[in-house]
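Everything on this sheet refers to the single structure shown next.
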Number of protein chains: 2
Amino acid sequence: MIKTEMLRVFVEVARAGNLVSAAESLGRAPSAVSMTLKQLEAHLGQPLFESERKSRLTALGTYVFEMSNRELAHFDRTITALTDFASARRGEVRIAVVPSFAMTILPELVLEFTAASPNVRLDIRDMDSASIQRELERERIDLGIVSDARQTAEVRLVELASDHFGVVMRADNQLAKRKKISWQALARAGLIANPLCERIDEPELHGALERAHLRVHNTTTLLTMVRAGLGVTLLPELVCRQADSRITFRELASPVAHRRIDLISRARDTPSPATSAFAEFLTARMAERTNLSR
Amino acid sequence: MIKTEMLRVFVEVARAGNLVSAAESLGRAPSAVSMTLKQLEAHLGQPLFESERKSRLTALGTYVFEMSNRELAHFDRTITALTDFASARRGEVRIAVVPSFAMTILPELVLEFTAASPNVRLDIRDMDSASIQRELERERIDLGIVSDARQTAEVRLVELASDHFGVVMRADNQLAKRKKISWQALARAGLIANPLCERIDEPELHGALERAHLRVHNTTTLLTMVRAGLGVTLLPELVCRQADSRITFRELASPVAHRRIDLISRARDTPSPATSAFAEFLTARMAERTNLSR
DNA sequence: TTTTTTTACGAACATCGTAAGGATA
DNA sequence: TATCCTTACGATGTTCGTAAAAAAA
């Protein structure tokens, strides 16, 4: 049977023009090269060189040389692709993310990851948590970033961050002078409602939300409003950690409302190396953030 | 090092879904297949199957399966191309032929050869003998069919046919009743001149050629003229052997003029297998013709 | 004669199959 | 429990390098 190694030996001899230097660059003894060459000629039934000196190719030799070069290039590209994929230097990761995370923290992480792994394709879409869970189980995505997921037999779960709500205000707001802010103080400060904070189960907050004149869905718009001095709002700390210096975050007086950000993946599948790499990158970076904030 | 055999084994196991039946279709023992598979996984550093039962692929396994299928198909195509070329089932033969041969005997030979070797490309052009010799030495063609070539150090020569001139006439011509025809009889019969017969060095012919009312270059046209009863002409026997029953060939009374048809190739090169095959086919068929005509 | 290639032969290596042991559905 | 896979181990076959012979320049 003709093997790639035979082609590699022949190509090197044809390129070098003699056995000795070809053997040297192949790291073999001339005798081994000679026998491999003889083996290939036996398979083809015809000589590859014009004379016993390996300087001139026959017509068959020229043809085999060209074909072998193409074949070896193709083979080497394939092996590189396989090892790259296996070592997470190549591949695709399909990720679905809740909007609050996708629009705030994710971009800088993606930027860093893609810089380090330029041949790993990230396919990112944003979705509500329930849809993410469904798409994951249907194998439409590889990873999901959701809030307050529950672990099941199908879903493996890793906590990315345990977040707590606090008050977001303009830096020159009077409330910024306090360390912690009570529900009463918040109610008097002109609260801007948003979907995230409406899920907080806190009776004293409900009155304030009902009296709010403004309700904004999009987080970016919400922060713009705060920056413009239209009021204050309640957001998880992570969401506004990267906001500019004109915006200040203050913790609430007890009790503090929590929400968890989880990374989910299919429990029964071995993820692709690129998926594992991105998942590990995410958990590592988010662990660093949590430690920094304490 | 990753070898094609590893990929072949993996692909077969992935396709079969289990080791035992894959081993059977590969003609190996399950243990050998198991070890080859383990070797591939060791090279990649990651598992290819979800569990030890080889029924479900990992993401890496799926990728390797697809890439390996493509690679093996490419490799097998290359090997087929190489062996086909070596055994003359594939290739290209560039041939230059003198017009008298190209337009008369060659077509039926080419038809037969291409029917038997459909993947051998024949590149045929017609040319005068001197140009053919030059193009052969410049490696622009692989074979030449010329008349009266001379053997040199650069040119290998094989005689395809030793041809003699005779009289070509319509079947109902009076001359057709004779076995051999003298120069005098020819001169009285209304000779049509042509470039081939003008090179015959025979004083008695010269007068007849000077009195000819018609001179035709193209052999096909020439035979059409003869068929129409416009006269008789002088041609090498081979040129009109395949002509229809309405045309008759008669030998000349002594002396008979000769010309040789030679197949030439480069003496210093090993020809491609397809070139050798076509050359051998030509000489064999032409030898048959010569034997038949005696 | 000098360089290059081939051949002969023993050693190293990888691969294979048999048989036994484990793991999984 | 039955099937499937892996491991252990001895046998086989292939590949390799050294050294000597043969061939070509």
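The analysis underlying the following values was restricted to heavy atoms, covering all of them including side chains, and did not include hydrogens, waters or symmetry mates. For clarity, every value in this text was computed on a predicted model and none was experimentally measured.
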Exercise. Step by step, would you call B:Arg266 with B:Glu135 a salt bridge (charged side-chain N to carboxylate O under 4.0 Å, His left out)?
Worked result: CA-CA 11 Å; B:Arg266 280 186 299 283; B:Glu135 291 293 280; over 6 Å; no
For this session: Just do the side chain to side chain contact (heavy atoms under 4.5 Å, CB included) check on B:Leu57 and B:Phe10 with the steps written out, would you?
Result: CA-CA 11 Å; B:Leu57 292 166; B:Phe10 166 69; 3.8 Å; yes
For this session: Verify side chain to side chain contact (heavy atoms under 4.5 Å, CB included) between B:Met127 and B:Arg125, making sure each step is shown before the conclusion.
Result: CA-CA 7 Å; B:Met127 227 174 263; B:Arg125 63 201 80 179; 3.3 Å; yes
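Scanning all heavy atoms of the two residues, the minimum distance from B:Asp269 to A:Arg56 falls at OD1-NH2, 2.6 Å. Across every non-hydrogen atom of B:Ala274 and B:Val120, the tightest pair is CB-CG1, 4.0 Å.
In summary, A:Arg94 and A:Asp123 do not engage in a salt bridge, as defined by a charged side-chain N under 4.0 Å from a carboxylate O. One finds no salt bridge joining B:Arg259 and B:Asp148 here, because no Lys/Arg side-chain nitrogen approaches an Asp/Glu carboxylate oxygen to under 4.0 Å.
Relative orientation of the B:His74 and A:His74 rings is parallel, given thresholds of 30° and 60° on the angle between their planes. Between A:Tyr63 and B:Phe85, the angle of the ring planes stays under 30°, which puts this pair in the parallel group of the 30/60° scheme.
One can place CG of A:Leu26 at 13 Å from P of C:dT5, the figure rounded to the nearest angstrom. Rounded to whole Å, the distance from CG on A:Leu48 to C1' on C:dT5 is 15 Å. Atom P of nucleotide C:dT15 and atom CG of B:Leu40 are separated by 12 Å, given to the nearest angstrom. The separation between B:Lys38 atom NZ and C:dG22 atom C1' is 13 Å, rounded to whole Å.
Applying the 4.0 Å criterion to OP1 and OP2 of D:dT6, one finds that B:Lys54 has a side-chain N or O inside that range.
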Set out, line by line, the N/O atom pairs under 3.5 Å between protein and nucleotides 20-25 of chain D.
residue	atom	partner	partner atom	Å
D:dA24	N3	A:Arg53	NH2	3.0

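Crowding of A:Arg140 atom CZ: a count of heavy atoms from other residues, nucleotides or ligands under 6.0 Å not exceeding 12.
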Exercise. Tell me, for nucleotides 8-16 of chain D in 5' to 3' order, what letter each nucleotide earns: B for a base near a protein heavy atom under 4.0 Å, S for only sugar-phosphate near one, - for neither?
Worked result: -------SS
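If you take CG on A:Leu19 and CZ on A:Arg28, they are separated by 14.0 Å, rounding to the nearest 0.5 Å.
Direction change of the helix axis from one end of the helix from C:dT1-D:dA25 to C:dA25-D:dT1 to the other is 40°, with five pairs defining each end axis (rounded to 10°).
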